[in-house]
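Written out below as structure tokens is the structure these notes cover.
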Amino acid sequence: MSNKPYRLAQGGSRIDRTKKLHFSFDGKQLNGFAGDTLASAVMANGTKLFGRSFKYHRPRGVVGLGSEEMNALVGVGDGSRHEPNLRATQVELFDGLQAVSQNRWPSLAFDVSSLNSSFSRFIPGGFYYKTYMWPQRFWKHVYEPIIRKAAGLGHAPEGRDPDSYENIHVHCDVLVVGGGVAGLAAAESAAATGARVVVADENPQFGGVADISAGTLDSMPQATWIAEKVAALAAAENVRLLPRATVVGHWHHNYLMLFERVADHDPALLREGAPRHRLWKVRAKQVILATGAIERPIAFANNDRPGIMLASAARAMVERYGVSPGVEGVVFTNNDDAYQTALVLKGAGIGVRVVDSRGRAEGALVEKARAAGIDVAVSSVVSAVEGNLGVTAVRVAAYRKGQGRVITERKISCDFIAMSGGFNPALHLWCHNGGKIKFDDGLQSFRPDRHQDAIIAVGAANGTFGLADIIAEASAAGETVGKRKTKSAKIKLPKAEEDLQKPLEALWFAPATGKYNEGNKHFIDFQNDVTVADLELAQREGYESVEHTKRYTTFGMATDQGKTSNLNGLGVLSEATGKSIPEIGVTTFRPPYTPFSFGSIAGVLTKNLFLPIRRTPIYQWHADRNATFEPVGQWRRAYTYTGPGEDKHASINREILAVRHKVGLLDASTLGKIEIKGPDAAEFLDRMYTNMFSTLKVGKCRYGLMMNELGFLTDDGVTVRLGEDHFLMHTTSGGADRIAAWLEEWLQTEWTHYKVFVTPVTEQWAQFAIAGPRARNVLAKLGADFDLSHDGFPHMSFKEGKLGGYPVRVYRISFSGEQSYEVATPSNMGRGLWNAILDAGKELGIEPYGTEALHVLRAEKGFIVIGDETDGTTTPIDVGLEGLVSKKKADFIGKRSLEQSYLKGPNRKQLVGLLTEEPTDVLPDGAYAVRAVKDKPPMEMIGQVTSSYHSPTLERSIAMALIQNGRARMGETLSFPIEGGKVIRAKIVDPVFYDKEGARQNV
Amino acid sequence: MLVVHCPVCGAEGDETDFHGGGQAHVRRPATHDPANVSDEAQRDYLFIRHNPKGLHFERWRCDRGCGKWFHAARDTVTMEFKAFYGISELPPREVMEQATGEWATYFKDRLKAEAKS
Amino acid sequence: MSELYVESPLAHREVPQGLSIELREITDRGMIDVRGHATDKKFMAAAKKVLGLDLPKAPRTSVSWGDVKALWLSIDQWLILCSRAKALELTAALKAELGNIHSLVVDVSDMRAVLRLEGEGVREVLLKGSSLDLLDEDYAPGTVRRMRYAEIAALLHVVEETVFDVYVFRSYADYAWDFILATARAPAKVTLFGAQATPK
Amino acid sequence: MKSRYSIFSLARNAMNYHKDWERAWRSPQPKAEYDAVIVGAGGHGLATAYYLAKNHKMTNIAILEKGWLGGGNTGRNTTIIRSNYLQDSSIAIYELARSLYEGLSQELNYNVMFSPRGVLMLCQTEHELRAFKRTAHANRLAGLDCRMVSPAEVKEIVPIINDDSNCRYPVLGAYYQPRGGTARHDAVAWGYARGADALGVDIIQNCEVTGITREGGKVVGLETSRGSIKTKKVGVVTAGNVSTLMQTAGVRMPIESLCLQALVSEPIKPVIDCVVMANTVHGYISQSDKGELVIGGGTDPYNNYSQRGSFPSLEHTVTALVETFPIISRLRMLRMWGGIVDMTGDRSPIISKTDVEGLYVNCGWGTGGFKAIPGSGYVFADTIAHDRPHAIAEPFGLNRFAEGRLIDESVAAAVAH
Ligand SMILES: Cc1cc2nc3c(=O)[nH]c(=O)nc-3n(C[C@H](O)[C@H](O)[C@H](O)COP(=O)(O)OP(=O)(O)OC[C@H]3O[C@@H](n4cnc5c(N)ncnc54)[C@H](O)[C@@H]3O)c2cc1C
Ligand SMILES: NC(=O)c1ccc[n+]([C@@H]2O[C@H](COP(=O)([O-])OP(=O)(O)OC[C@H]3O[C@@H](n4cnc5c(N)ncnc54)[C@H](O)[C@@H]3O)[C@@H](O)[C@H]2O)c1
Ligand SMILES: Cc1cc2nc3c(=O)[nH]c(=O)nc-3n(C[C@H](O)[C@H](O)[C@H](O)COP(=O)(O)O)c2cc1C
Ligand SMILES: [Zn+2]
């Protein structure tokens, strides 16, 4: 015990004394052994102080055994690999591990904010609601910044996470949660039926607390039996054992999330490229919860001092890690189980005595303890603790249940305390999805009752603590629920022997003398510094519901989510109000069981995999030509191609003028394409579009508008009649999937008698627009096997054939107002045809153009874009397309809504064109016109700009806008107050700015 | 995450393989008599929804399976599915009988109307 | 006239390294989308006449005849697989044979990218993106299933015990490819069931 | 009058170990009859009662709550407060509410911790950028203090944001309301409760209203789990539970009840000082004064009364936020939960008289009503007291659904909260 004062000379089932590891804690270089946790290794070095509490910054040490730890939270790793708030009890030691304590400044032992503790009397639960209100602006500028500075525990990492994560799905017949005695027994019998079984345990080793529990199975120590079972289950074909895997939540229909820490314990794995965490999404036919029980602390004055641990944790320190929690200890208990700890301590040569709150202590374990010479004081409580950074002594007082405070105390020197207030079945997962629970008087705790899902609890999780009972119950559960295959499963149950335990007696609060009682120091929720007095205060102030008390005091809201505090809190509330614990009720258990990383949720879906980008067949060409891309839905479309020495403005203008004066080429592959066929196809389209399609001639194209049932525009596009009963519909790029689904929905759910098939074919085709006065020349140059003449192939008609040898469908439609052909070829040939067109067009001055040029071109023509001129509250009539709303058809989607009074009413905003008084002024997109300009807002708004561009064709700005009664106000000049106090004035004009007669497209 | 079952193709899968389509058995008045739909009837069709706490009837689509729409009866508190049935069908009789409130009235009327015709 | 230039969706991707399985693109696959009612005898007969097989009626199955394969997609939809060269010819023949029978036949050979995953552990790799119960015996060779894969829609075809074809719309081909590269990395290999080393 | 809260009362009480604090509100037995009854002690119900008593001197009134006050969505929301909506009628009510929030702690003598730390709405697509520019124009002319900010400014305000311009959804800018922010949700409910109680309002918890009783076209009383209560005026403010209750009065509602989820991370030292909403990817985030990241997402797609949501929707939100704020990858989720939100067909609220005389309803706040609490209570109280819609409430009447007069906020930029 020389330089490792607390490492015992012998013992430590988990550590390998031949493998020494180096690590640091707060910069101090320390040693430990393979198999240590950070908690055991630091304690072995004689340090009990691990961190500071949230509010009062009280010094804190290790309390728990594993995931229930609420005090010893540390940060591990540095820089972008730092991870805050880890429980030292769960951190497996590796060589080179760097850990830091948290929530302290400048150092752990001397923390300035621990002054909070001296002020604690002035800052009881909920104090902030009562103060910090004056003067009003001080909250934002003074008080809150101070509070925020103090907020939080650890600090976030810096920079982007260098590690990887992933998700995986698995279906199983049985998911066993928890690999203790109960879980393994259940898994064994379930596996024997041939069922597919997954067994998950949050710890690196299976066995739960078996290794620190005294009973035997078939005369073997429990740990030996466990080792046998683990080996057999690992060898089985139908079983997956998952260590370091916490089942974090249970959702509807037995969906569970399982958080596996793949590589946290071994940096070598990370270096090799293993994911750090893996999230398993498990769908289980049956869930068996064997999650064990969590030991309860006891609320006594200063029960939070470093060196005060749960009895099971103290035992584990000795047995698993060969670490002594101290030199001289006191076991404070209300039950028999903790006597095992006393015996273990004694056996390791550590000083120990027992303080038992019960009037009588007479179980077999108690007798063993007495026989071993351990001093047992019954009807006694630890009433207070002395010491600050550690325990120096306890005060022990005579105790009778129901007593508010004690009078006489005696002092006992010691340097650690092992406490046990009983055990709470770990009900979290049982309750996540609505499982019902009931209060068990024997346990003085809740245990599972009913559940709507196929889920069953066994072992300590079910409130069953006798070893023989656990085995029998778990094995039976595994057998019945595992039955999927026909294999019969007869498992021979091991014979369990253990000391019979006598019942515990509830102890929620150990009274002290006045001085200690009234100083706010009986901690219930350690991490959030919630004391018995805080809970009582909440009651006094009317925050009666347990949910109010929780929120007013924050009890149960820390990172341990009240694993060790919730029930104790209820016990205190019960005593304060005279209501029973079940009457008080529990707060809601919510996922996760223990916190799990956001990275594991995202999995590989980060960076380029976060969400897909859709590429057209020409994508790479665009990229190579330095195109700026514009997202349209998930697609990326070329926005403009900036050449050397150009800015975007210049390239857009160049592209526009090329289309107006020569010829341009646009990748329009993203346009939605849907084949629609059947004897009722025409009638069906009449229902879907506002305008008529049954009258369309074969080989012809027609522009159509679609509304939703509310009467608002949702999509538009050109539909072609390929045959009498066969149509090809084009939709907007963003609308393709939505419209295909929309058509299917109506066919399947409303007009079920229609004989119509709908097949989306968007991606079968690469599609390009060749537009401009020389478009036809390009086609001719390429060589077409169909008539290209204007009469033979007029505007709004369709041809199928070969172009430059490529199979094509060609639509003579125009969104630019120029002579224009849309050419579609199978996608794999897209790139070939694209290049061929560019080659053929070279001498004609062909230029590829992007979506921005397209938008300006169409705006010059007054064509609308769904999503620009419409915003989901715009009707076809609003945008001046009344002519496309059929008066003849009795019914089509959205027709009836157009009749609702508001949609027919006065003052609707109507689409108009705008010409600014100053031709170089380009109205900002979305700018509003006001009825009258005022010195300052508010000003009444009468409509907004929907599209606005500089038109290189007209060499001035143009805009479209939706303006109240706009069509009646032609010629009126409107004012648009824009940012910076400027007002732009613009005249209302017809929205078609260029080639009003449409002559250019018709040649 | 619910497990949904498609009665058309028998596929079973996570709710994300399906598409929830809101309340079932909503009648579109304009399909039947487009000339005589009152403002109130149109409002009811578009906006008023049964919103029971308990057994509910709704539409789903087998989005990542056969692509077909179907009906489901589901408890909105326990999330338990009580039945999956065809898009032009009424729920199984025993499930219809469990319906309460507006749904009970609805099925009673539907059955009456069907018995008449 | 010069030769036509043809390019598959993943032509620009290199042979992947460091994976626990093999991954490649299948390029010579013709595909025809056929719609018609399985209950329509005339339709089924006409299809059989051209394809030489009975379109499968059982959900999620496939049927082969020679080098033609029919995958069930829905109660009124199938995907016919054949060589690219044959797709044109079969499409024309189907249309002709079906005549006025209510149906819709479209050559969709260019609409999807086909990714071939092969090797021990391929199911586990797929399970990183799919929630199907791929370990179940339902997923025997021949099985066809549409699914959600990562963030996209896909069609899964079990070719052999450890050979799977994943069909995605071609615009998503790069995304699917990259997703598989990320999830099939050798150091991330997962074995779901089967004997394992005893955890320490 | 209650004793006032202050630093002095805190110090005084400390001397006596806080044994003498008064109750924040009484726990009265229900009376047989009230002049008006509010059903539902969420933020909206409590504020309505407070303003009825304070502004309209109606003090013989009660609020009936089936569980614990503030336990509905008010007690489980992500507390974003802003008023920069697009439509005039929305701006009017949300800005009234926001401005009342500014002085609410003083008005109620209860620190509701209204913290105008700024709300940033990211623009991650060109479309979103355009939409917010339009909103910015509208808001400026309405007199709101809001502005567009550049990607560089966004980075300055939220240094942890992913500023890679090649990422999947690069930040192209943001729409910023500097005096938007958050408030402590529970304190809003508790502050109004304490305020209303002090004015004589009976707050009756654990009292579920099971039916609205009418005689002919008029309301005459209520059936509750604690007996019948007579009253001529009833204001129903029960959020997700509104359909079933209104049904008992024969009023059918344009409402569906869906589950909206939220989550918090473990507490960490401050990394994010304002509220950030990333609407394109459905995630929003802020950091509370305690240090946990408060994160919300979208609704699950089916009706749900279980207060438990499905994993995928939160999964999408978290994935999006990991991409948007890469450092959170190594932080951990502490707790997730759900609330049952009341969604209308146009995603805007209902503050309305009904066809039944004396029956008023305030609901449909869906995913975004916390921010509206003071304003909504204010105008709803006025509506009830005068039996005619307050001017700001008028556009939110039930009649809009038959007229087609929708107030669709979600259309321009799919912003929910
Ligand atoms: C996860 C989540 C995040 C959100 N985020 C935001 C946000 O960031 N910003 C924002 O502005 N809004 C947000 N909201 C929305 C906001 O929370 C709600 O709109 C608002 O709280 C509604 O308040 P309320 O008073 O109408 O309803 P509630 O607070 O739900 O109150 C209704 C009350 O009525 C009671 N009640 C119901 N039926 C009966 C009955 N029959 N008898 C008696 N009592 C009854 C309920 O118990 C409940 O207490 C969010 C909501 C959720 C769920
Ligand atoms: N008073 C008593 O009689 C008493 C008291 C305490 C313990 N014991 C002993 O308790 C044991 C009971 O066996 P058991 O199997 O029921 O419990 P156990 O505590 O031995 O095992 C439960 C296991 O489940 C794990 N776990 C809990 N929640 C989990 C989650 N969400 N995800 C993954 N893993 C999770 C735990 O870490 C633990 O390893 C016996 O060995 C018995 O001797 C008895
Ligand atoms: C803004 C906000 C912050 C929260 N912070 C915490 C927290 O720090 N710790 C915690 O356990 N829960 C926190 N919660 C969640 C509550 O514990 C609780 O889950 C939520 O109010 C819903 O109630 P229920 O889970 O009891 O149904 C927070 C909730 C909100 C709305
Ligand atoms: Zn199906």
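These numbers were taken from a predicted model, which means no experiment stands behind them.
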Does D14(B) form a side chain to side chain contact (heavy atoms under 4.5 Å, CB included) with Y255(A)? I'd like the steps, not just the answer. CA-CA 10 Å; D14(B) 286 355; Y255(A) 192 64; 4.3 Å; yes
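- Shown here for D891(A) and A30(B), the closest heavy-atom pair between the two residues is OD2-O, 3.5 Å.
- A donor-acceptor distance shorter than 3.5 angstrom exists from the side chain of R283(A) to the backbone of M1(B), with no hydrogens or angles considered.
- Considering every non-hydrogen atom in both T31(B) and E750(A), the closest pair reads OG1-OE2, 2.7 Å.
- At a 4.5 Å heavy-atom cutoff, the contact between E709(A) and chain B is made by backbone and side-chain atoms alike.
- Contact check for K68(B) versus T749(A): no side-chain heavy atoms found under the 4.5 Å cut-off.
- The main-chain N or O of V3(B) is found under 3.5 Å from a side-chain atom of H253(A) such that the two form a donor-acceptor pair.
- Environment of NZ in K108(B): sparse, with no more than 12 heavy atoms of neighbouring residues, nucleotides or ligands closer than 6.0 Å.
- The part of R61(B) that comes within reach of chain A is its side chain, from C-beta onward, which places non-hydrogen atoms under 4.5 angstrom from that chain.
- Heavy atoms closer than 4.5 Å to chain B are found in both the backbone and the side chain of I893(A).
- Taking the side chain as every heavy atom from C-beta outward, F47(B) and L710(A) approach each other to under 4.5 Å.
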Run E15(B) and H252(A) through side chain to side chain contact (heavy atoms under 4.5 Å, CB included) and show every step you take. CA-CA 11 Å; E15(B) 68 187 51; H252(A) 296 297; over 6 Å; no
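- When heavy atoms are compared at a cutoff of 4.5 Å, L2(B) approaches chain A by way of both its backbone and its side chain.
- To the nearest 0.5 Å, the span separating CG on L46(B) from OG on S897(A) amounts to 4.5 Å.
- The cationic atom of R28(B) (NZ for Lys, CZ for Arg) does not lie both less than 6.0 Å from the six-membered ring centre of W751(A) and within 45° of the ring axis.
- Heavy atoms only, all atoms of each residue included: S38(B) and R896(A) are closest at C-NH2, 3.3 Å.
- More than 12 heavy-atom neighbours from other residues, nucleotides or ligands sit within 6.0 angstrom of OH on Y106(B).
- By the 4.5 Å heavy-atom criterion applied to side chains, Q452(A) and M79(B) are not counted as neighbours.
- In plain terms, the two heavy atoms of A890(A) and P34(B) that are nearest each other are O-CB, 3.5 Å.
- Atom NZ of K887(A) sits in a crowded spot, with more than 12 heavy atoms from other residues, nucleotides or ligands closer than 6.0 Å.
- Q42(B) has its side chain out of reach of E899(A): every pair of non-hydrogen atoms, C-beta onward, lies at least 4.5 Å apart.
- Under 4.0 Å is where a charged nitrogen must lie from a carboxylate oxygen, and between E745(A) and R59(B) at least one such pair does.
- In this structure, Q748(A) and F70(B) have side chains that are not in contact, with every pair of non-hydrogen atoms separated by 4.5 Å or more.
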